[in-house]
**Q** 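I have a structure I would like to understand better, so I am pasting it below and will then ask my questions one at a time.
Both backbone and side-chain heavy atoms feed into the values below; hydrogens, waters and symmetry mates do not. Owing to the predicted nature of the structure, the values given are computational and were not obtained by experimental measurement.
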Amino acid sequence: MASSKKTKSSSSSSSSSSSRSSGSKWGLNKVSFWLICGAAIVYLVGLILSACGVNAVIVQALSNIAAAAMICIVAILAWRYVRPKPTIWKVLYFVVLLVIIAGLIVPLVVG
């Protein structure tokens, strides 16, 4: 009976210590959360700057930087989904990624 209590308490303490140590890591979930918070701040600054009459190119550049950072995180998650799939999925992934990159860069160069 005493040995059963001992194993139960040691297993619960090891699980709680492992959950504490994993909480301090910068995983993709934590990076995603802080990125979305940062993007909201960037969009808010862009909104305030546009309301104050600041150059539209600066506001657009801030928005594109926030969008590009979010697309990077989504691209990582999408690659994790596509990696075990057949080659056609990987080709589709890269084509879509190139279209998105072009959609971000071309308006900056043309505009």
Side-chain angles (χ1 to χ4, degrees):
M1 186 77 168
S3 65
S4 137
K5 282 185 177 180
K6 187 177 182 179
T7 23
K8 192 182 272 187
S9 66
S10 67
S11 67
S12 66
S13 66
S14 66
S15 67
S16 65
S17 66
S18 67
S19 66
R20 263 187 265 133
S21 65
S22 65
S24 64
K25 292 181 184 176
W26 276 90
L28 194 56
N29 293 339
K30 188 181 280 189
V31 170
S32 299
F33 172 75
W34 287 111
L35 179 63
I36 203 116
C37 290
I41 291 169
V42 168
Y43 283 127
L44 184 62
V45 168
L47 180 66
I48 292 169
L49 289 176
S50 67
C52 293
V54 175
N55 191 357
V57 174
I58 295 171
V59 174
Q60 186 65 33
L62 284 174
S63 297
N64 283 342
I65 289 170
M70 288 188 289
I71 288 170
C72 288
I73 297 295
V74 171
I76 292 169
L77 293 172
W79 178 251
R80 289 182 179 179
Y81 174 74
V82 168
R83 185 177 24 197
K85 302 272 186 204
T87 306
I88 189 69
W89 283 87
K90 294 172 185 166
V91 170
L92 178 65
Y93 170 81
F94 286 113
V95 167
V96 167
L97 205 56
L98 287 173
V99 169
I100 290 171
I101 290 170
L104 284 173
I105 294 174
V106 170
L108 285 177
V109 174
V110 173

**Q** Is there a path of hydrophobic side-chain contacts, each under 4.5 Å between heavy atoms of I/L/V/M/F/W/Y residues, joining I65 to L44?
**A** no

**Q** Between the side chain of Y93 and the main-chain N/O of R83, is any donor-acceptor distance below 3.5 Å?
**A** no

**Q** Using the rule that Ile, Leu, Val, Met, Phe, Trp and Tyr join whenever any side-chain heavy atoms are under 4.5 Å apart, tell me whether Y43 and I73 fall into a single cluster.
**A** yes

**Q** With under 30° as parallel and over 60° as perpendicular, where do the rings of F94 and W79 fit, or are they tilted in between?
**A** tilted

**Q** Kindly determine whether W89 and Y81 satisfy side-chain contact (heavy atoms from CB on, under 4.5 Å), including the steps that lead there.
**A** CA-CA 10 Å; W89 283 87; Y81 174 74; 4.0 Å; yes

**Q** Hey, quick one: are L77 and F33 part of the same hydrophobic cluster, counting side-chain heavy atoms closer than 4.5 Å, chains of contacts allowed?
**A** yes

**Q** Tell me whether I88 is reachable from V82 by hopping between hydrophobic residues (I, L, V, M, F, W, Y) whose side-chain heavy atoms are closer than 4.5 Å.
**A** yes

**Q** Tell me the closest heavy-atom pair linking A69 and L35, and the distance in Å.
**A** O-CD2, 3.2 Å

**Q** Can you give me the closest heavy-atom contact between M70 and I36, atom names plus distance?
**A** SD-CD1, 4.1 Å

**Q** Walk me through whether I76 and L28 qualify under side-chain contact (heavy atoms from CB on, under 4.5 Å).
**A** CA-CA 9 Å; I76 292 169; L28 194 56; 4.1 Å; yes

